[in-house]
Structures are given as C-alpha cells and as structure tokens.
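Here the structure is laid out as structure tokens; the discussion comes afterwards.
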Amino acid sequence: MLDTADAVFDALRENNERPFGRQRTVRAEELVEAAEQLDDRGALVTSLFELMSAYTYAGEERKSPVVFARIVRMWDDHPSDFSEWEERQLYWRFKWVTTALLQVPDVPLEAVRRWTREMEKRYRAAGHGLQPVYAMRHHIAAHIGAGREDGYDLWATRPRTDLSDCEACETRHRALHHAESGDEARALEEWQPVLDGGQTCMEEPYVSMAHALLPLLRAGRLDEARSHHLVGYRFARGKPDMPHALGLHLEFCALSRNEGRGLEVLAENRSMFDVVGSPLDRLNWLTGVEVLLARLADQGHGGLAVAGPPGRTWTVDALLAHVRAEADPLAAAFDRRNGTAEIGTRRRQRLAQRPLLDGPLALGVRAAAPDAAPSTGAGAKTGTATSAPGTGAEPGTERIAGAASTSADTEPIPADFTELVLLTRKLAAQGRPDADRLWERVRARTAEDGHVHDEDALGVELMLTAELTERAAFGGIDREEWAQARTDMLQAAGLYEEADLPGRACAARARAATASVAATVPDPKTDLALPLAELATELGLAADLMAAGRIEPDRYLAVLQCEAMTTRHRLIGDLPEPDAALTAAFETSVARLRAEAERLESLPRASAARQYAADVAARVGDLERAEAELADALDLVERAGHPWRTPRPLALLAQLRMRGDRAAEAVPLMHQALSAAARWPDASLSLGPFHALLGHAYAHAGDPAGAVRHLSEAADRMDREGAEDHAAQVRLELAELLGDQGRRADAVAVLESIVLGDTAALDPRLLAQVRLDLARGLAALGELREAAAEFVGLADVVAGWEDDRFTHTLVACEAAVALAASGQWEAARTAYDRAVASHARAPRPAPVVGMMREFARLTMAAQEADGLPAALRHLADADTLCAEVPSENADFAHWYHSGAIQYQRSRAYAAAGSYDDALAEMERSIAAYTEGGRAGEEPRAEAVRVAALIEGNALGDVPAADARLTAAIARCEEADLPEAAASLASVRSGLAARGQAADGD
C-alpha cells in the first residue's frame, strides 16, 4: 500500500534499482499518482524528479519538459518542499529541458529559446554562473547549423561552474564541434582524455566512443576503432536512451565492411524501432540503419531477411524502403522547424559515405557474413591454430562481395577454350594455386551447349574428363572428405586407363589409397591392410612404368610422395612413442622421394620430402634437424621459382622459432608467409591458423596490439571457414590477452559474442571454459548480477558431468561468491551448500577455502560488526577444511591458505572493533606467509601493512608500528619488491605525520 510518504519513498528506492525502460517508467508514473494523494509535498517533488529521469533515460524525452514545468511551479510556490539535492537538480535539469525540446520537431524553435532565457533569468537570480546557459545556446546553434562558431566561443571561453555539464560530456561536445567543422584530427585530440578513460561519467566514455568510430577509421587508428566499437556497443546495446549511439555503431559496421556484424547489432536492438519519444535520436538511429541497409542492397543482398520493427518479416529492400519513408520526412520536419537545411544535410552526408577500408576490419567478435559465397564443398575444416598451418588444407569462404583479395600475379582467363585448357594444364603442372579457378572455368565451359573439343590440340576428350574428375577429388582431400575423395580419385583412374594413360591412372590410384590411410589413421582399431597393399602395388607399377617410359616423371614422383605421406600419417598417429618399424618406413620413403626427385631434377618434390622430414622431426622434439630441413625446403622452392609454395614451410619454421622462445624471429616469417599467400591466393590454404600463429608470435614478442589484430583476423577467418571450435578457441585466447592488458570490457565483448550466438555446434567443454571466463570478466567489470547469472547457469551445466565432478566444485564455488557479491544472499547460501557438497564428492580444496574466505569478507561488508559471528564460522570451516588436506598435496599451498584465512579473520575482528584480536590474527598470518619463502613475500608485506595500521591507528602504538614497517621495508627491498616497499613506506609516513600532529596538540 502506497498510503504513506515512507511507503512512497521505499517504493522509489526499489524502483531506482530497476534498469531504465518501460517497467521503470510505468512504476514512476504510479508513484507520482500515489504521492499526489498524500499531504507530504516533498514525496511528490521526489516522485516527479524520478519520473523525469525515467522519461529521459527511457527514450521518452518529449514528456520530460511537462514534468519539469510542474516541478518549477512547485518550487515557485513552496521552495521549502525541496531538499538541498532537489534544489540543485532544479537548476541542473533546465539543461535537460533544452535538450529534450530540441529532440521534438513539433516544438517551435522560439519555445526552446524561451526556456533558455528562463534558465538564464533564474541562474542570475540565484547567483549561479552562466556558462551552462551558454552551453545550451551552443547546442541550439550546433543543432540548427547557424551561429555555430559564435555559440561555441561564448560557451567554451567561459570558466566551468558547479552546474556545468560534467567534464567528460563537455569534452565530447568540444570534440563534436571540431569534427562537424571538418577538423577531425583536432576532435580526436580533444577526445583523448575521455577515450583514454581519464574523464568519465554515467554515459562516458561510451557515447564518445560511438562518435569517434569513423574519425578513427579515417585516421587509420584501426585498433582503437575496433576496441571502441566492442566496448561502446556493449554499453549502448538495448538501452532505450541510446538509439543515436546504436545508429553510429551500425554505420561503423557498414563502413568498416562488417555488414554481418551490423545485421547482428540490428537484430539485437530491433526494440529501438519502438522508441518514438525522442525523434532526433530516432532519426539518427534510422539513418544508421539506412547506411547499413543501403550497403547491403548495393551488394545485391536486397532479398536477405533482416530484423525490423516487430510484427512482420522484413527483407533488406523492404526495411530500407520503410526506413526511408519515415526518416526523410522526419529530417524535413526538423529543417522546417529550424529554418535551416542542417539536419537534412547531415543525413545526406552520412548516407553518401562509402566503405573506408579495402577489406573488413577484423573485430574479433563472432558474426556471420550475410549470404556469404559457399565453400567449394560441404564440411570444410581447418587445422588448429597451433598445428602446422595448412596440413589439412581446406577451401575458405569468400567474404561479402568485393572483399575477397585478388593477386596481381594471377593469369588472365583466355576466352578461347583450347587456350584456356592449355594454360590450365601448364599452371597445374607448376603447382600454381590459380590453376584451381581455371579448372572450374574449364568445367563450366565443357557443360555449355555447343561445346567443341579440339582433340588435335588437347588430346582425347576422355583425358580432360579424367583431369576434371581428379580435380574434384583434390577438392575432397582439401576438405578432408576422404571417402568422397577416394571415390572420385578411383573414377579418375578408370578414365585415365580408358584413355590409355596408365601412368596417370597409377598416380590416381596411389592417391586414393593415401586418402584411405589419412581417413583411418586416427583410429588405431582400423585395418589398414587393404589401402597399404594397394599403395604397395602402385609403387611397384610406377617403377615398372618409369622404366618403360610410360609414366610422366612428375606422376612417378607423385606416387613416391603418396608413400611418404602415408608413412608420415601412420607415424604421427603412433606418437609420442612410435614403433621402430614405422619410423624406419618413414625415413626410407622420404629418402627415396628425395633421391628420386633430385635425380629427376624436381625441386618442388625434393622440397616436399624435406618438409615431411621437418614436420616429423619437430613433432618428436628434434628442432635443430627440423629447422635445417625447412631451410633446405625453402631454398629448393625458391630455386625452382615457385613462391606460391612458400607459405606452409614458412609457417612451420615460424612455429619452430616460437617453440624455441624466438618469437621475434617468428613474426617476420609469418609476414612473409601471409604476403606470399596474398600474392598467390590458394583456396586449399586456410589462413585462419596463419593469423593465429602470427598473433601468438606478436604476444610472445611483447606486441599486444599486433597480437590482438591477428587473433581477431584469425577468428573472423575461421568463422567464414566454418571452423567454429577453432574460432572459439582463438577468441578465448584473444579475450585472455585483452584481459591481461586491462581491457576487460573488450574481453567480455569477445566472449559474449560466442555465447550469444548459436552454440549448438561448439564443443561443450570449450563452451564451458568460455562461459567461465565470461562470468569472471563480468565480475571484474562490476556487473555482479550478470556474472552471478552466468556462474549459476554454468554450474547447472557442469553438474551433469559425471566424469568431471571437480569442475562442478570449482564453478559452484565461484557461483556462490558471485551471488553473495551481488547481494543475492539466499541464493548464495544455497550455492555455498552445493559447493561444499560437491567438494565432498570431488575435492577441490583451494576454491572451496577461497569461497569460505570470501563469504567471511562479504558478510562483514554487508552486516559490519553484526556479521562477525557468521564471518568467524566461515573462517573456522575453512580452517577445518585446510586441516583435512594432506600436507603432501602439491596443488594446495598450506602456508598460503592458512595465512589468507588468518588475514581475513584479522580484518573481520578489526571491522568489529576487536583490535587486540585483530592484531594477534595478523601476526599469525605474517608467520604463515613467512613459511612460503620467496613466494610468500608479497602477501606477507600486505599483512604487515595492515598489522601496522591496526597497531598504530587503532591501538595507538606508533613506535611499534614504525619498527615493524621499517623491518618489512628492508625485507621487501632485499626481495626486489619495490611496489610493496613503497606501500609500506607510505603507511610509515602517514603514521609519522599522525604522531607529529598528536605531539603538536
């Protein structure tokens, strides 16, 4: 019942905990109605201020001036009804009214200016400085595009007052003035304190991040643009008062060639179509939507389904027409009201923009490209980011139209069919990757009506049919579709036999046998007798054909390479302790391939033999031999003049340098590999792992910015290649790297993009790790309720892992702490009991003890002195658990946990005013940490710091505290802990100053 002022105030406090939106606004309206029935006018004033806030932050700004006008009348009638805070809010919110009235084109410009004059009159009468008044006049001038420079000078040259907008917001408006005046370099310089986080408020730096996106892109500061999109969008997502910022993020997605990400942003914020109470913000939102949709329509995606206003289905074309039909008249209405063309001109300028980058900016977050071109076959796979890139070569998926790279070194496609086939065969014989696209063109031409085959120039048509079938088999091998590849290869062999080309048929059958081995080696139960016998037969036949001159030398070497590949597959499958016979077979086959390639002067085949040897040597830990073999392999392909063959060996050599802690040497090698791959695009080469490896190299070389760039690119490429698990794994690493840099919001955005998408195809254990890291990241950001929800959901998932109860114990502990930290104590206690029960079945003492300590700390924080008994019970339980852990348990540092428990017990006693007990416990903590040796020095120093504060401040024994600190400072300096020493020295200085002040008294 809201029949008393206290009940209304309690309800106001409760409503203040809700996020801004329709529910909070409706409740605020109800509370105003309830307050109107009371005699307590103060309750009505407070309710009206809350309603005004609800309208403003729920995207209904057109309603807030009416509420404010009522507040002003109440002030004029009975100022005593206003608290000191409410009096200040009265003057503060005059600025809100100007902003709100500018939002609505139906409000005459003179009415807006009249409010500004009223604001000036009241500020003068109250003795307030006029800088905020001039700020409002500047906003009007900037909005209408008339008198902008004069308005800016009148505002920016005056000193700030206590009623000025916060420093961060004023910085944003100064930067926007420079940006709109065409000086983006100065705008970015002005913005820097906000973008760096030095100036903040409830909306900043997030709103500035949205506005700075395109200036950063144009300035080439791509890393900052990526980060500001990730962090800024997280803040704005779904907020009804943020449609203008969301429109800017959509615009950024379109102009950075991230249309897929833009569609996801649009889908996540389709509720913005229902936010109609702030027309200017709505216009900015609609314009951002239109920039994205127009970009998609230009690319031929007009029929693509998109998220629009709820209630019907939409395509790009339909939604684009709908948005234009609303936005154009709305812009015109503002211009009519303002008497200028400013709003319409800005809108047209935004719509006229073209993409600012040649290719998509890798954002690192998960987003599907709209209508991406399909891969050359279903089920494309990639190798892991840490395996030799390309060993399971697979085709990639093209980017959205216009984004795929092309090579200046690729051959033009002849129009004449005979010339086309001859060129294709020539390039294929050289192993050039651009032969693949020519084979596809040949295939298409043979299917055309009226196709004519010139047997005199091209040989029998059956041979060409066999070649095309063989190319299809190679595609299956690239995609690791081994069964289909074998079928196609055997079909090609039959066609070659029919065309009287026994050498080619032999090579095709050898490849079919190799495909069978490659498919079955991971399963040790598989019988390999048949494919190995097939391969042995073809090896003998190839030798006979070579002696008779009935097989091309390269086809003969291809059969030998099949033998080397097969023995390599079998040997790798038998690692880490391979059978001696397998090792000998591998060495023999590679030696034979190398010798015959050298005899027949085939440098590429000789290089392949060395690459196989290098790969196996690296896997068994012989890095020196592996590097030597790769150096020879690269030399051979360079001597052959085949630069398109260098990416794989370069990447493997870079991996070896990484394993040898020579990351700085790996970076240029990976750049060479990627440069060659860009010059010679190869559909069978997955570049996602290449970028992942380069990202790792940059991280280990101390260049986190480079690492973020390439891990982001790797994840984006793996998305397009359909390698969802590998993409998620890379994003997990990217988030960890971002978190290590202190960029927690960036990290959380990356992880959220995984879990907010379709996770059905992801490995459950990998997804659980993602969710665990996400929950921890949310907690680190202070988003405690969201973190608790994630922890609880994860705990429910892992509870079903009967083969891994230990993980459930860990997650249950963290869930309990998150719930307590967010104030959900009833649920926290349930989770606490769940964690303890899980520990009884699957012991994980360290996280359980940590949970008990945290519950003690949080209990004291919530209940202060009244929480002491409960806190001590938690710590006693922790002591009991520690005592149960065997001393030989290497995963449990008894000295650390004992010291931490005693430290927390001391803090609890101190918070309750029991200082003697507190000091005694801290002494025990210091002793426990001392047992940890060098590892215990840092926590020991912290315990000494608190002990000295208790001793000097609470117990008044400054000399004893000084002596304690002096000894500890010397100890920290000896242990090379300068920060700890400085912290202790600061406490000592503070205690000395306190003692001097006391002596003076």
Side-chain angles (χ1 to χ4, degrees), residues 223 362 364 382-393 568 571-572 575-576 590 606-639 642-679 685-715 717-718 726 729-741:
D223 293 342
T382 62
T384 65
T386 53
S387 66
T391 53
R568 170 182 167 275
L571 180 61
I572 290 172
L575 292 176
V590 167
S607 176
R610 282 164 170 77
Q611 289 180 56
Y612 293 151
D615 181 34
V616 171
R619 291 175 188 271
V620 299
D622 189 350
L623 303 188
E624 185 175 349
R625 180 189 174 190
E627 287 207 32
E629 294 281 9
L630 282 174
D632 287 344
L634 284 164
D635 179 63
L636 287 168
V637 294
E638 288 170 6
R639 284 165 49 196
H642 289 186
W644 50 85
R645 298 183 188 270
T646 61
R648 287 182 174 92
L650 282 169
L652 184 53
L653 184 56
Q655 283 183 297
L656 295 177
R657 299 285 165 82
M658 289 282 291
R659 288 177 62 180
D661 294 326
R662 296 148 66 191
E665 297 176 27
V667 169
L669 290 172
M670 286 310 304
H671 277 296
Q672 291 177 50
L674 286 167
S675 177
R679 185 182 177 196
L685 186 64
S686 171
L687 294 186
F690 277 55
H691 283 281
L693 181 56
L694 182 52
H696 298 150
Y698 268 124
H700 287 285
D703 184 351
V708 168
R709 279 196 299 274
H710 288 281
L711 290 176
S712 298
E713 181 69 28
R717 285 178 177 271
M718 289 171 179
H726 297 318
Q729 180 63 52
V730 169
R731 288 193 170 96
L732 199 60
E733 297 166 13
L734 172 60
E736 182 178 1
L737 177 66
L738 291 167
D740 289 344
Q741 296 176 56

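Computed over heavy atoms, backbone and side chain alike; hydrogens, waters and symmetry mates excluded. Since the structure is predicted, the reported quantities are computational estimates derived from the model, not experimental observations.
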- Message: With heavy-atom distances below 4.5 Å as the criterion, would you say the side chains of Leu630 and Arg610 are in contact?
- Response: no

- Query: Which heavy atom of Ala666 sits nearest a heavy atom of Ala654, and at what distance?
  - Reply: CB-O, 3.5 Å

- Query: Can you check whether Leu674 reaches Pro647 side chain to side chain, under 4.5 Å on heavy atoms?
  - Reply: no

- Query: When you look at Leu738 and Asp740, which way does the side chain to side chain contact (heavy atoms under 4.5 Å, CB included) test go after all the steps?
  - Reply: CA-CA 5 Å; Leu738 291 167; Asp740 289 344; over 6 Å; no

- Message: For a quick test of reading the model, state the closest non-hydrogen atom pair linking Met658 to Ala697 and the distance between them.
- Response: SD-CA, 3.4 Å

- Task: Would you please name every residue forming a side chain to side chain contact (heavy atoms under 4.5 Å, CB included) with Ala705, sequence neighbours left out?
- Result: Asp223, Asp703, Arg709

- Message: Is there a side chain to side chain contact (heavy atoms under 4.5 Å, CB included) between Gln611 and Glu629? Walk through the geometry before answering.
- Response: CA-CA 7 Å; Gln611 289 180 56; Glu629 294 281 9; over 6 Å; no

- Query: What pairs with Glu627 under side chain to side chain donor-acceptor pair (under 3.5 Å), at least two apart in sequence or on another chain?
  - Reply: Arg657, Arg662

- Query: Of all heavy-atom pairs between Ala651 and Ala673, which one has the smallest distance, and what is that distance?
  - Reply: N-CB, 4.4 Å

- Side-chain donor/acceptor of Arg639 to backbone N/O of Leu634, under 3.5 Å: no

- Message: Quick check: do Arg619 and Ile572 have side-chain heavy atoms less than 4.5 Å from each other?
- Response: yes

- Note on the structure: By side chain to side chain donor-acceptor pair (under 3.5 Å), Ser712 pairs with (sequence neighbours left out) none

- Let me see the working for Leu650 and Met670 under side chain to side chain contact (heavy atoms under 4.5 Å, CB included), right down to the final yes or no. CA-CA 7 Å; Leu650 282 169; Met670 286 310 304; over 6 Å; no

- Item | For the student: nearest non-hydrogen atoms of Ala609 and Val590, plus distance | O-CG1, 3.5 Å

- Query: Does Arg731 reach the main-chain N or O of Gly364 with its side chain, forming a donor-acceptor pair under 3.5 Å?
  - Reply: yes

- Message: Consider side chain to side chain contact (heavy atoms under 4.5 Å, CB included). Of Leu694, Leu693, Val730, Val667, which one does His710 pass it with?
- Response: Leu694

- Query: Which residues satisfy the side chain to side chain contact (heavy atoms under 4.5 Å, CB included) test with Gln729, sequence neighbours excluded?
  - Reply: Leu732, Glu733, Leu766

- Message: His642: which residues meet the side chain to side chain donor-acceptor pair (under 3.5 Å) condition with it, sequence neighbours left out?
- Response: Arg645

- Return yes when atom CD of Glu624 has more than 12 non-hydrogen atoms of other residues, nucleotides or ligands closer than 6.0 Å, and no otherwise. no

- Does the side chain of Gln672 come within less than 4.5 Å of Leu669's, by heavy atoms? yes

- Could you pull out the closest heavy-atom pair between Ala692 and Ala714, with the gap in Å? N-CB, 3.4 Å

- Note on the structure: Closest non-hydrogen contact found for Ala701 with Ala663 is N-CB, 3.8 Å

- Rounded to the nearest 0.5 angstrom, the CE-OG distance for Met718 and Ser686 is 6.0 Å

- Can you measure from CG (Leu623) to CZ (Arg625) and round to the nearest 0.5 angstrom? 12.5 Å

- Task: Look at the aromatic rings of Tyr698 and His671 and report parallel, tilted or perpendicular, splitting at 30° and 60°.
- Result: perpendicular

- Message: Suppose we screen for side chain to side chain donor-acceptor pair (under 3.5 Å). Which residues come up paired with Asp622, at least two apart in sequence or across chains?
- Response: none

- Message: With rounding to the nearest 0.5 angstrom, report the CD to OG distance, Glu638 to Ser607.
- Response: 9.5 Å

